[in-house]
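Only heavy atoms go into these numbers, but all of them, side chains included; no hydrogens, no water, no symmetry mates. Chain identifiers are assigned alphabetically (A, B, ...) following the order of the sequence lines, protein sequences preceding nucleic acid strands; residue numbering begins at 1 within each chain.
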Amino acid sequence: MRYWLMKSEPGVVGIDHVLAMPNQTVDWWGVRNYQARNFMRDQMSVGDKVFFYHSNCPEPGIAGLAEVAKRAYPDRTQFDPASHYFDPKSTPENPRWVNVDVRIVRKTRLVSLAELRKQSRLEHMRVLQRGNRLSITPVDPGEWKYICEKLMGEGA
DNA sequence: GCCAACGTTGGC
DNA sequence: GCCAACGTTGGC
């Protein structure tokens, strides 16, 4: 079992949107970066733990706990000509982009990016590294535990 | 809105 | 295969 941080823009799909969906589950469509895609395709399994992160918004940070609910399968938006994420080079026989399903476990208090940066324990956390733009990053088990227990006051 | 950082594209 | 130009991300 692995740990991840997945970024979503709350103006597009925020944690409250997902909580309002059936089974509090969303397909993680729209990833168009090969490294992030490969994490989903090659490394994510059902039950992996996920920090649901709000990005590109007034208060960026971790907004809740989630988990992988379904293994990677083709991203529906790549086949939709009306979608911003349409990829003409992609076919159902040979799809280029995939996504997993993510289910919200629980909303937490917002642990802001600024607060994360203040923690010396987290100085090596992938998402905090200079220039990082990956929308999906692995999280070390120790970092996961620290954030859940020390910052959220929850059992991991 | 700015801009640093990084990824992708395409000419050669 | 190099690399300049361009596009995107995302914090601030």
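For A:Y85, the ring-ring contact (aromatic ring centres under 6.0 Å, His included) partners two or more places apart in sequence, or in a different chain, are A:W29. For A:D80, there are no salt bridge (charged side-chain N to carboxylate O under 4.0 Å, His left out) partners, not counting sequence neighbours. Residues satisfying the salt bridge (charged side-chain N to carboxylate O under 4.0 Å, His left out) criterion with A:E9, sequence neighbours excluded, are absent altogether. Under the salt bridge (charged side-chain N to carboxylate O under 4.0 Å, His left out) criterion, A:R37 pairs with no residue, sequence neighbours left out. When the salt bridge (charged side-chain N to carboxylate O under 4.0 Å, His left out) test is applied to A:R2, no partner is found at least two apart in sequence or on another chain.
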Would you tabulate the pairs of protein nitrogen or oxygen atoms and nucleotide nitrogen or oxygen atoms of nucleotides 8-12 of chain C closer than 3.5 angstrom?
{"unit_1": "C:dT8", "atom_1": "O2", "unit_2": "A:R133", "atom_2": "NH1", "d": "2.5"}
{"unit_1": "C:dT9", "atom_1": "O3'", "unit_2": "A:R133", "atom_2": "O", "d": "3.4"}
{"unit_1": "C:dG10", "atom_1": "OP1", "unit_2": "A:K7", "atom_2": "NZ", "d": "3.0"}
{"unit_1": "C:dG10", "atom_1": "OP1", "unit_2": "A:R133", "atom_2": "O", "d": "2.9"}
{"unit_1": "C:dG11", "atom_1": "OP1", "unit_2": "A:Y53", "atom_2": "OH", "d": "3.0"}
{"unit_1": "C:dG11", "atom_1": "OP2", "unit_2": "A:N56", "atom_2": "N", "d": "2.9"}

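Rounded to an integer number of Å, the gap from CG of A:N33 to P of C:dG7 is 18 Å.
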